[in-house]
Amino acid sequence: MIKDKYYPQEIEKKWQKHWDETKLNKVYNDKEKEKYYILSMLPYPSGKLHMGHVRNYTISDVIARYKRMNGYNVLHPMGWDSFGLPAENAAIQHGANPKKWTLDNIAYMKQQLKSLGLMIDWDREVTTCLPEYYKWTQYFFIQMMKKGLAYKKEAAVNWCNNCATVLANEQVIDGKCWRCDGEVEKKYLSQWFLKITDYAQELLDDIEKLKGWPDSVKTMQKNWIDRSTGAILRFKVKEIEGLEVPVYTTRPDTAYGITYLVVAPEYKDIEKLTTPENKAAVEAYRQNARRMSEIERLSTERIKTGVPLGTHLINPLNGEEFPIWTADYALAEYGTGAVMAVPAHDERDFDFAKKYNLPIKIVIQNPDNPIDELKEAYTEKGVLVNSGDCNGIDNEKAKQIIIEKAEKGGFGEAKVQFRLRDWLISRQRYWGTPIPVVYCPKCGTVPVKEEDLPVLLPEDVDFSVKGMSPVATSETFKHTTCPVCGGPAERETDTMDTFMCSNWYFYRYTDARNQNAPFDKDILHYWAPIDQYVGGIEHAILHLLYSRFFTKALRDLGIINIDEPFKNLLTQGMVLKDGSKMSKSKGNTVDPDEIYANYGADTARLFILSDSPPNRDFDWTDAGVEGCYKFLNRLWRIYSEYQDIITLDYKLPDISSLSKQNNDLVRQVHMMIKKVSQDIANEFQFNTVISKYREFTNVIYDYLNNKKEFSEEDKQVYSYAVITFIKLFAPVLPHMSEELYEGLGGKDSVHKLEWPKYDEALAKTSTITLVVQINGKVKDKIEVDAELSKENLEKTALASEKIKELTTGKQVVKVITVPGKLVNIVVK
RNA sequence: GCCUUGGUGGCGGAAGUGGUAGACGCGUUGGACUUAAAAUCCAAUCAGGGUCAAACCUGGUGCCGGUUCAAGUCCGGCCCAAGGCACCA
């Protein structure tokens with residue numbers, strides 16, 4: 001029996017419990033079946049679910065359920081990206097235990113996810129902060145270290161004062177910390193890096209293979225990696241025998257126009273290059289550059305500054321001498337940290353030369369419009385002048401010629417340069433995966449033995465320390481023995497960037513409880529790569545680039561044999577309220593728990609999919625939720641009020657024998673199956689899928705309103721229509737569909753049923769509306785048989801009274817007929 | 001400055017390869033049911049003109065032009081918004 005009224009709270013709890021007990025969502029590694037791996041980005045357990053989560057997981061859940069009904073063995077797992085600073089801040093501010101704080105949050109949010117009715121096999125849950133997981137993060141680190149992919153070096157790094165830790169380049173947004181928005185400054189520290197730059201070219205090339213990724217994300221990654229081709233040129237220092245300054249340039253064609261050279265304030269040989277007279281000024285300039293925050297330094301508005309070092313270089317092409325300056329517009333980390341300045345043909349150099357009265361030498365001219373004096377840098381194409389034996393050569397050709405000269409003369413060569421830098425993974429924080437390394441006075445830096453993993457996070461730490469990792473306050477952790485010689489040694493006290501945990505978690509899901517390995521290779525290769533990944537655009541560079549890199553690194557370590565982790569990517573839009581992003585500070589958040597309590601999870605699921613396509617921003621409105629709830633009640637009634645005439649084992653009579661009304665209803669069912677299936681296949685356009693549910697509901701109401709009593713045929717056809725309908729909305733409304741199906745006498749779960757198929761011949765109406773145009777303007781609409789031939793369509797159109805009237809006295813030049821659609825009559 | 005994605009009623013948004021612009025919903029208005037309200041059901045709803053009411057006519061998808069029998073869709077040139085990158089030599 002189906003109850004008169006729809007009580008979502010009651011039925012949702014009932015079915016969630018039932019699914020748990022019957023293990024409906026248990027996933028088996030069944031290699032006989034075709035797999036489908038659908039993944040949502042795992043949440044950080046901040047405390048409570050927000051609407052962005054609800055949207056993300058509803059999208060992937062509907063896809064998962066749809067694929068399951070289509071016969072796939074579907075993996076749709078969930079886990080927790082549970083290391084990170086908020087847990088540690090809770091420890092510092094409220095004396096909480098980070099582990100307890102995190103696990104409590106996970107428990108709460110897990111219950112919230114269950115309340116949303118997600119189809120998840122919780123036996124595969126992954127929690128990145130637990131030793132059973134981070135053991136393998138450490139294991140991968142050691143493998144990378146052995147191959148030279150993880151290394152330690154002293155470098156100028158980004159330091160967030162607020163978070164008291166270093167950050168990766170990708171985590172500095174507009175000169176500020178990605179997490180706390182605090183100002184970032186430069187520090188010199190010895191830190192662990194991963195050699196992502198070894199993969200720069202492959203990461204760039206393979207973007208082409210990512211056919212199922214949005215262009216926006218691909219472009220962002222391309223720009224981030226940013227390959228450029230140019231040359232290295234080396235210049236001898238006039239005053240110091242044997243010392244050279246190399247530069248990287250994309251414009252070797254302008255090398256005859258060099259009038260000075262700039263090195264970054266952090267340039268390694270800067271002290272050697274500074275003459276005693278200039279020392280004081282240079283030192284002051286460097287101090288100042290060091291103090292300046294990233295924001296100030298990166299500002300393009302800023303007027304360029306610099307000071308001369310007092311030494312000179314010799315241009316091997318023409319023997320000219322030019323001075324060396326230091327200026328902070330040269331970046332220590334890019335190229336060689338030194339820039340050859342050609343003010344005539346580079347905007348920055350031009351500004352700088354103007355300010356300090358440095359010479360500007362034109363070496364490229366537009367042959368059609370040569371000029372003697374520049375008002376701004378000329379960066380366009382042209383022909384070389386003032387360039388010795390290169391004069392008259394096209395500047396594009398000159399690039400190659402000058403590189404060849406440099407190679408012959410031994411002062412340079414061609415070079416490909418990337419903007420991408422190595423990934424800094426050390427963090428001076430507690431709540432992260434310990435870097436499994438030991439420093440031995442005799443043996444140096446050595447990895448922990450694999451059999452000694454995991455290196456556990458210590459518990460006897462002091463969170464109140466400043467300027468160092470709390471891990472370093474644990475005496476029991478710090479002192480250890482060397483894995484090589486057994487002598488006394490110290491542990492690395494830095495932990496890893498949390499993005500280290502999240503760049504391989506999706507492989508762990510395939511074999512989450514494995515104690516002996518990160519995963520079984522056979523099982524992994526059954527499931528991987530991920531068929532569909534769903535998550536926020538904010539990870540376009542960070543997580544998605546790191547994960548791609550990690551997959552390639554694991555491949556080269558012989559651990560896996562795939563090149564790319566994610567075949568298809570769906571970046572879902574933000575959830576807005578009143579036109580802006582939901583946030584606590586704006587006070588426009590909506591609590592999922594409240595929505596569950598007032599309307600139920602099915603309403604929340606329906607609404608969050610209904611108004612916008614998944615990849616666009618979604619505007620949350622209270623009226624919209626209300627409207628969805630009303631719709632569910634309306635939907636409920638087509639079952640509850642007519643349950644007497646609905647039978648699960650209906651027998652659909654032969655279509656040609658049906659009454660017009662029943663024939664139409666059957667056709668409508670086929671049309672709906674077709675539309676819904678197509679819209680899901682076409683980039684998961686759930687908003688139009690839901691509009692089809694509503695249209696079909698309207699069709700059912702029309703049908704019912706025109707009936708006083710039901711014949712045997714009516715009962716069979718109605719049963720067929722509404723039972724097919726349940727299957728079509730089951731992925732979106734898992735609880736309601738289950739309850740209705742049970743109420744009609746269904747024995748097993750509705751979610752085990754097969755997705756309905758449609759018959760192309762039946763998925764169209766018997767008549768169509770023929771549009772008749774004159775000169776492209778609609779003038780008449782005629783109901784005609786759908787199968788009418790082209791000639792007959794034309795005849796029918798011309799026979800129309802209205803058309804006859806409008807064409808009298810005019811000459812019909814041409815008639816264009818589009819079968820099934822329209823006839824356009826061209827007249828003069 | 002460069003790159004990406006967008007711009008359609010009062011609002012969210014529909015319109016495979018060019019072929020009825022505005023599906024579906026929200027909102028609004030009217031009607032039915034009710035003592036009444038809520039809920040529900042039915043209907044209307046791009047703008048302007050026209051009519052007692054209709055029939056009907058005209059304009060309309062950011063702007064300007066083009067291709068075509070036919071343009072929201074294709075081409076050229078702009079404008080605006082959001083997001084990304086940005087002293088990368």
Side-chain angles (χ1 to χ4, degrees), chain A residues 5 173-174 214-224 226-228 230 247-251 254 261-262 297-302 304 327-331 333-342 345-349 351-352 417-421 537-538 540-541 573-574 576 607 610-613 615-628 630-631 633-634 637 675 678-679 682 685 687-698 701-702 704-705 769-781 802 813-818 820-827:
Chain A
K5 215 177 161 300
I173 316 288
D174 293 333
D215 288 341
S216 57
V217 174
K218 291 196 275 190
T219 311
M220 278 160 76
Q221 292 212 354
K222 271 184 211 158
N223 291 342
W224 188 262
D226 192 27
R227 180 184 196 265
S228 70
V247 300
Y248 170 72
T249 179
T250 54
R251 295 295 304 273
T254 64
L261 180 138
V262 173
R297 194 168 159 178
L298 288 176
S299 166
T300 44
E301 320 280 274
R302 232 179 95 237
K304 295 180 191 8
D328 58 13
Y329 81 87
L331 305 173
E333 311 88 44
Y334 186 77
T336 63
V339 186
M340 64 177 223
V342 185
H345 307 294
D346 181 277
E347 283 169 31
R348 293 154 301 181
D349 299 344
D351 292 346
F352 194 81
Q417 181 73 39
F418 295 93
R419 201 191 75 133
L420 184 71
R421 316 274 156 84
I537 184 81
E538 66 273 18
I541 294 171
M574 287 187 300
L576 311 176
F607 178 50
S610 65
D611 271 359
S612 304
N615 57 353
R616 279 209 239 156
D617 287 352
F618 174 83
D619 208 354
W620 183 280
T621 59
D622 296 336
V625 185
E626 194 69 40
C628 285
K630 284 182 185 174
F631 170 69
N633 279 283
R634 183 173 157 86
R637 285 190 294 272
K675 256 314 262 189
Q678 278 181 347
D679 284 357
N682 181 22
Q685 285 187 45
N687 54 326
T688 53
V689 168
I690 287 161
S691 76
K692 285 293 158 304
Y693 294 163
R694 302 184 115 122
E695 272 180 61
F696 190 73
T697 307
N698 293 341
Y701 271 82
D702 273 350
L704 293 171
N705 288 334
T769 310
L770 179 71
V771 171
V772 187
Q773 298 180 326
I774 292 182
N775 293 344
K777 302 258 181 207
V778 180
K779 294 294 171 189
D780 200 8
K781 293 174 188 181
K802 241 185 112 178
V813 182
K814 204 199 249 183
V815 180
I816 290 131
T817 307
V818 183
K821 282 209 175 100
L822 58 72
V823 174
N824 187 16
I825 301 156
V826 187
V827 298

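Letters A, B, ... are given to chains in the order of the sequence lines, protein chains preceding strands, and every chain is numbered from 1. Atoms considered below: every heavy atom in the structure, side chains included; atoms not considered: hydrogens, waters and symmetry mates.
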TODO: Could you give me the CA-CA distance, side-chain angles and deciding distance for A:Phe607 and A:Phe618, then say whether ring-ring contact (aromatic ring centres under 6.0 Å, His included) is met?
DONE: CA-CA 10 Å; A:Phe607 178 50; A:Phe618 174 83; 5.1 Å; yes
TODO: Would you please test A:Trp620 and A:Asp622 for side chain to side chain contact (heavy atoms under 4.5 Å, CB included) and show each step?
DONE: CA-CA 7 Å; A:Trp620 183 280; A:Asp622 296 336; 3.9 Å; yes
- [ ] For the pair A:Asn698 and A:Arg634, evaluate side chain to side chain contact (heavy atoms under 4.5 Å, CB included) and give the outcome as yes or no after the intermediate values.
- [x] CA-CA 10 Å; A:Asn698 293 341; A:Arg634 183 173 157 86; 2.7 Å; yes
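Taking atom CE on A:Met574 and atom P on B:rG84, their separation rounds to 9 Å, with Å as the unit. Taking atom NZ on A:Lys222 and atom P on B:rC2, their separation rounds to 18 Å, with Å as the unit. In this structure, A:Lys821 places its NZ atom 9 Å from C1' of B:rG16, rounding to the nearest Å. For the pair A:Phe352 CZ and B:rC87 C1', the interatomic distance rounds to 12 Å; values are reported in whole Å. Between A:Gln221 atom CD and B:rC85 atom P there is a gap of 12 Å when expressed in whole angstrom units. Here the P atom of nucleotide B:rA89 and the CD atom of A:Gln417 are 8 Å apart, to the nearest Å. Distance A:Asp702 CG to B:rA43 P: 7 Å, rounded to the nearest Å. For the pair A:Tyr701 OH and B:rC42 P, the interatomic distance rounds to 8 Å; values are reported in whole Å.
Residue A:Asn682 comes nearest to A:Gln685 through the heavy atom pair ND2-NE2, 2.9 Å, listed as atom of the first residue, atom of the second, then distance. The two atoms that bring A:Val826 and A:Asn775 nearest to each other are CA-OD1, 3.3 Å, heavy atoms only. Minimum heavy-atom separation, A:Arg251 to A:Met340: O-CE, 3.6 Å.
The side chain of A:Tyr334 places an N or O atom within less than 4.0 Å of a non-bridging phosphate oxygen (OP1 or OP2) of B:rA89. For B:rG12, the OP1/OP2 oxygens have no side-chain nitrogen or oxygen of A:Asn687 closer than 4.0 Å. The side chain of A:Ser612 contributes no N or O atom lying less than 4.0 Å from OP1 or OP2 of B:rG12.
When heavy atoms are screened at a 4.0 angstrom cut-off, A:Arg227 is found touching no nucleic acid atom at all. Nucleic acid contact for A:Asn705: sugar-phosphate only, since backbone atoms but no base atoms lie under 4.0 Å from a heavy atom of the residue. Contacts of A:Pro613 with the nucleic acid, taken as non-hydrogen atoms under 4.0 Å apart, involve only primed sugar atoms and P, OP1 or OP2. At a threshold of 4.0 angstrom between heavy atoms, the contacts of A:Val778 are confined to the sugar-phosphate backbone, with no base atom among them.
Comparing B:rA71 with B:rG76, their C1' atoms sit 15 Å apart, to the nearest whole Å. Comparing the P positions of B:rU67 and B:rA15 gives a spacing of 30 Å, expressed to the nearest Å. The separation of B:rA44 from B:rC11, taken at their P atoms, amounts to 22 Å, rounded to a whole angstrom. Taking atom P in both B:rG22 and B:rG62, one finds a spacing of 16 Å when rounded to whole Å. B:rA81 and B:rU28 have their P atoms separated by 32 Å, given to the nearest Å. Distance check on atom C1': B:rC41 versus B:rU4 gives 48 Å, rounded to whole Å. For the C1' atoms, the distance linking B:rC56 with B:rG50 amounts to 8 Å, nearest Å. Nucleotides B:rU29 and B:rG84, compared at atom P, are 41 Å apart to the nearest Å.
The side chain of A:Met220 lies closest to B:rG84 when the candidates are B:rA14, B:rG84, B:rA89. Checking B:rC87, B:rU58, B:rA15 against the side-chain heavy atoms of A:Lys304 singles out B:rC87 as nearest. Side-chain proximity of A:Lys781 to B:rA89, B:rU20, B:rU58: nearest is B:rU20.
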Each nucleotide N or O in nucleotides 24-33 of chain B that has a protein N or O under 3.5 Å away: list the pair and distance.
residue: B:rG25; atom: OP1; partner: A:Asn698; partner atom: ND2; Å: 3.3

Name the pairs: protein N/O against N/O of nucleotides 64-70 of chain B, kept only if under 3.5 Å.
residue: B:rC69; atom: O2'; partner: A:Asn824; partner atom: ND2; Å: 3.4
residue: B:rC69; atom: O2; partner: A:Asn824; partner atom: ND2; Å: 2.5

Task: Strand RNA chain B as a dot-bracket string - pairs counted if Watson-Crick or G-U with both distances under 3.5 Å, | where the partner lies in another strand - done: (((((((..(((......[....)))((((((.......))))))((((......))))..(((((..]....))))))))))))....
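Proximity of A:Asp619 to A:Asp611: side-chain heavy atoms (C-beta onward) are nowhere separated by under 4.5 Å.
Mapping A:Lys802 and A:Val339 onto RNA chain B by nearest heavy atom places A:Lys802 at the nucleotide closer to the 5' end. Map A:Thr336 and A:Asn682 each onto its nearest nucleotide of RNA chain B; the residue landing nearer the 5' end is A:Asn682.
Here A:Arg421 pairs with A:Glu333 under the salt bridge (charged side-chain N to carboxylate O under 4.0 Å, His left out) rule; sequence neighbours left out. Checked against side-chain contact (heavy atoms from CB on, under 4.5 Å), A:Asp226 has the following partners two or more places apart in sequence or in another chain: A:Arg419.
With hydrogens and angles disregarded, no donor-acceptor distance shorter than 3.5 Å links the side chain of A:Lys779 to the backbone of A:Lys802. Within the 3.5 Å criterion, the main-chain N or O of A:Gly573 finds no donor-acceptor partner in the side chain of A:Asp617.
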Open item on the list: Walk along nucleotides 3-9 of chain B from 5' to 3' and tag each nucleotide B, S or - by protein heavy-atom contact under 4.0 Å, base first, then sugar-phosphate.
Closed with: SSS----
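More than 12 heavy atoms of other residues, nucleotides or ligands shown are found within 6.0 angstrom of CD on A:Glu538.
Classified by its glycosidic torsion, B:rA55 falls in the syn category, the angle being within 90° of 0. For B:rG9, the O4'-C1' to base torsion is within 90° of 0; the nucleotide is therefore syn.
Note that CD1 of A:Ile173 and CD1 of A:Ile541 are 7.5 Å apart. Values are rounded to the nearest 0.5 Å.
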